[in-house]
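The structure appears below as structure tokens.
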Amino acid sequence: MNAAAVIANRLAAAGCKHAFGMPGGEVLALLDALRIAGIDFTLVKHENAGGYMAEGSWQATGAPGILLTTIGPGLANAVNSVANAYQEQVPLIVLTGCISHSLAARFTHQVIDQAALLAPVTKATLRVDQGIAALTVQKALSIALADPPGPVLIELPDEYLHEENWQESNTPIATPISSMGTGWDTETPEWEKANKMLRTARKPVILAGLGAVHHQAGEAIWAFAEKHQIPVITTYKAKGIIPEDHPLSLGGHGLSPLSDKSILPLLATSDCVILAGYDPIEMRDGWIDPWAAENAIEIMHAPNDHGMHNSAVRLIGNVGTAIAALAGPKGPIWTNGDPNIAKAELAEAFAMREEWGPHQIFRTLNECIPEGGIVTVDSGAHRILLSQMWRCKRPNSLLQSSAFCTMGVAMPLAIGYKKAAPNVHVAAVVGDAGFDMTTGDLATLRDLKCPMAIVVPVDESLSLIEKKQTNMQLKTHGVTFTGTDIPAVARAYGGVSTVVNDKETLRTELELAWQRSTFTVLACPVDKAAYNGSF
Ligand SMILES: Cc1ncc(C[n+]2csc(CCOP(=O)(O)OP(=O)(O)O)c2C)c(N)n1
Ligand SMILES: [Mg+2]
């Protein structure tokens with residue numbers, strides 16, 4: 001047994017079944033060890049895609065994602081996806097090689113300070129040393145999974161790669177800590193204060209975020225909301241924490257000034273805002289101090305160190321069990337009907353506008369995605385409108401980068417999910433610039449023989465940025481491009497593709513896409529003007 005085998009076996013024991021990445025000579029022993037340990041490896045065309053695919057596999061299985069890169073350029077290529085995992089709170093193990101300490105003193109080729117490069121975007125950077133491979137992996141898993149989850153780098157020095165007769169030290173190895181601790185002492189002054197605020201509340205509202213999703217607090221929130229008839233607002237990540245067609249759901253928010261017009265006044269007038277795992281990392285700056293601090297009860301999976309808002313009571317621990325233990329209002333609530341007025345305003349603001357365009361595409365896809373299916377969406381104008389219009393029946397059924405908001409995630413996230421959960425129907429919605437950024441992922445889809453639908457709203461523009469440019473009264477510059485022949489590109493990679501210009505064809509093509517054994521790209525020309533004033 002060598003160090004690479006120890007690492008791979010530990011990861012397999014932690015339930016990891018999938019790894020993604022691109023090897024170089026320095027990690028071939030690790031790659032082989034993963035194979036022997038039964039961890040499937042997907043070769044990607046860009047390391048960033050590997051990081052997002054690893055996230056997709058975590059979303060599908062709950063096991064930490066694994067990204068394998070070679071030293072230097074390989075790891076440097078992955079920085080965006082690691083930073084994304086950091087902000088999106090994804091437990092990601094990044095495996096790479098490094099040169100030995102003694103060689104590093106003289107050798108320079110491809111040698112950079114990898115730990116320093118990733119330090120600002122990882123929870124920890126660890127380096128395997130003599131006898132502590134298992135300990136290092138276990139530590140990495142503990143750190144990656146602890147609240148809030150995030151990425152950890154493990155560097156394996158080349159001198160240990162092939163060393164047979166690897167001797168592990170006898171250091172006791174802690175099992176990864178669970179973020180799901182349940183115990184609450186409700187006799188504390190904080191709890192008394194929280195319950196007093198709730199009993200006297202007349203305008204309570206729940207704002208649920210990523211922490212509620214991590215703690216699978218949906219059922220508790222749903223039960224509590226229904227019991228006391230309290231409306232539920234979520235971030236984009238927490239969409240579906242209660243079904244979004246439920247009368248108490250006010251949908252997901254955070255990046256749309258148009259939806260903020262209806263939601264922020266509700267929060268400002270609320271006399272009891274229950275923050276259920278709400279992390280404002282997903283929100284635009286309009287969400288600074290959206291409520292009176294004395295009216296907020298904050299239940300967080302981890303202490304906050306931001307300055308986005310404040311609260312009268314802070315309860316740090318499991319979100320679901322805390323919600324279940326809270327008291328409820330004693331008198332009638334929202335007698336002025338404001339939540340229903342806001343709900344009606346939102347329905348009106350994001351209603352279908354045109355026979356064909358982004359609204360129609362997103363509504364149709366939302367209707368056509370089979371039960372249990374998941375959709376990923378990239379960054380851009382399309383994402384904000386889609387997120388506002390989309391109705392999630394379950395949490396984690398619409399996946400996106402909503403904290404880091406990077407482009408280039410939708411296709412690889414979908415691929416990683418599909419790889420780990422082959423029976424789930426998966427679709428990716430990606431802007432035309434995002435598509436051009438990640439066409440290499442189509443080659444991965446081809447290699448994996450992975451069927452899925454990829455829907456591309458084609459507007460020949462970085463519409464979100466062009467919109468901002470126009471709002472700043474700047475000349476349109478550097479934001480438009482000539483259209484790619486998307487069907488030709490998709491076919492060249494072995495997929496099926498067509499241009500879609502109407503709702504009925506979109507429905508038919510989606511039906512066909514679910515039945516195919518290869519991927520389907522639907523290029524949907526839209527007028528970018530449809531986004532004007534739309535979110
Ligand atoms: C990696 C990365 N580069 C740049 C940006 C800034 N950005 C955000 S949205 C966007 C436009 C995306 O264009 P497209 O994919 O066509 O989507 P659209 O806005 O047209 O719907 C850009 C450039 C980003 N978020 N991430
Ligand atoms: Mg575009």
Side-chain angles (χ1 to χ4, degrees), residues 46-52 55 76-88 121 236 254-258 281-285 350 353-354 356-362 365 375-390 398 400-414 428-442 454-472 474 476-486 489 499-500 521-535:
H46 191 294
E47 285 77 356
N48 273 331
Y52 305 133
E55 173 179 352
N77 234 13
V79 168
N80 186 288
S81 69
V82 180
N84 187 69
Y86 190 60
Q87 290 226 315
E88 305 294 317
V121 292
Y236 288 173
L255 291 179
S256 157
L258 184 59
I281 195 163
E282 292 181 70
M283 315 317 255
R284 66 187 202 93
D285 57 8
F350 296 99
R353 291 192 173 183
E354 61 288 286
W356 176 250
H359 291 80
Q360 188 65 260
I361 295 169
F362 306 149
L365 178 61
V375 172
T376 66
V377 62
D378 218 63
S379 283
H382 64 283
R383 172 171 74 108
I384 303 181
L385 180 61
L386 182 148
S387 300
Q388 292 299 146
M389 294 183 67
W390 204 261
L398 176 66
Q400 55 180 296
S401 167
S402 50
F404 200 49
C405 287
T406 183
M407 289 170 70
V409 289
M411 283 213 274
L413 255 181
V429 181
V430 50
D432 44 2
F435 181 82
D436 281 340
M437 191 180 266
T438 52
T439 43
D441 296 337
L442 298 179
I454 298 162
V455 177
V456 188
V458 179
D459 50 19
E460 299 185 7
S461 167
L462 309 175
S463 276
L464 183 63
I465 310 305
E466 186 177 351
K467 202 160 119 68
K468 292 183 183 184
Q469 203 172 43
T470 308
N471 290 347
M472 291 167 77
L474 293 168
T476 302
H477 176 64
V479 291
T480 57
F481 44 90
T482 324
T484 301
D485 184 348
I486 291 176
V489 171
V499 175
V500 177
V521 181
L522 302 175
C524 304
V526 297
D527 181 356
K528 61 191 174 188
Y531 290 119
N532 293 342
S534 75
F535 56 82

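Sequence positions, counted from 1, serve as the residue numbers for this chain. Whatever order the structure lists ligands and atoms in, that order sets their numbers, starting from 1.
Of the candidates Gly434, Ala381, Gly408, Ser379, the one placing a heavy atom closest to atom 19 (O) of ligand 1 is Ala381.
The CH2 atom of Trp356 lies 4.0 Å from the CD1 atom of Ile361; values are rounded to the nearest 0.5 Å. Atom CE of Met389 and atom CD of Gln360 lie 8.0 Å apart (nearest 0.5 Å). The CD atom of Gln388 lies 7.5 Å from the CG atom of Leu258; values are rounded to the nearest 0.5 Å. One distance of note links OG of Ser402 with CD1 of Ile384; it measures 11.0 Å at 0.5 Å rounding. Expressed to the nearest 0.5 Å, how far CH2 of Trp390 lies from CG of Leu365 amounts to 3.5 Å.
Considering only non-hydrogen protein atoms, atom 1 (C) of ligand 1 sits nearest to Thr406 OG1, 3.5 Å. Here the heavy atom of the protein found nearest to atom 11 (C) of ligand 1 is Leu462 CB, 3.7 Å. In terms of protein heavy-atom proximity, atom 25 (N) of ligand 1 is nearest to Cys405 O, 2.9 Å. Among all non-hydrogen protein atoms, the one lying nearest atom 9 (S) of ligand 1 is Gly380 CA, 3.6 Å. The nearest protein atom to atom 16 (O) of ligand 1, hydrogens excluded, is given as Asp432 OD1, 2.7 Å; this is a heavy-atom distance. Nearest protein neighbour of atom 7 (N) of ligand 1, counting heavy atoms only, is Ile465 CD1, 3.7 Å.
Under a 4.0 angstrom heavy-atom cut-off, Asp378 registers as lying outside contact with ligand 1.
For ligand 1, the atoms sitting less than 4.0 Å from at least one non-hydrogen atom of Ser461 are 16 (O), 20 (O), numbered in the order shown with element in parentheses. Numbered from 1 in the order shown, with element, the atoms of ligand 1 that lie under 4.0 Å from a heavy atom of Ser463 read 18 (P), 19 (O), 20 (O). Which parts of ligand 1 touch Asp459 is read off a 4.0 Å heavy-atom cut-off, strictly below it: atoms 20 (O).
Checked against a 3.5 angstrom limit, the closest N/O atoms of Met407 and ligand 1 fall inside it. Taking distance alone, with nitrogen or oxygen atoms compared against 3.5 Å, Ala433 approaches ligand 1 more closely than that limit. The shortest N/O to N/O separation between His382 and ligand 1 falls below 3.5 Å.
A donor-acceptor contact shorter than 3.5 Å is absent between the side chain of Gln400 and the backbone of Ser379. Within the 3.5 Å criterion, the main-chain N or O of Gly408 finds a donor-acceptor partner in the side chain of Asp378.
In this structure the side chain of Ser401 never reaches within 4.5 angstrom of the side chain of Gln87, judged on heavy atoms. For the pair Phe435/Val521, a side-chain contact is recorded, criterion being any heavy-atom separation below 4.5 Å from C-beta on. Between Leu385 and Phe350 there is a side-chain heavy-atom pair separated by less than 4.5 Å.
Backbone or side-chain N, O or S atoms of Glu460 do not reach the Mg ion (ligand 2) at under 2.8 Å. Between the Mg ion (ligand 2) and Ser461 there is an N/O/S contact shorter than 2.8 Å.
The only member of Asn84, Asn80, Asn48 that meets side chain to side chain donor-acceptor pair (under 3.5 Å) when paired with Thr406 is Asn80.
Asp459 contributes atom OD1 as its closest N/O/S atom to the Mg ion (ligand 2). Closest to the Mg ion (ligand 2) among the N, O or S atoms of Asp432 is OD1.
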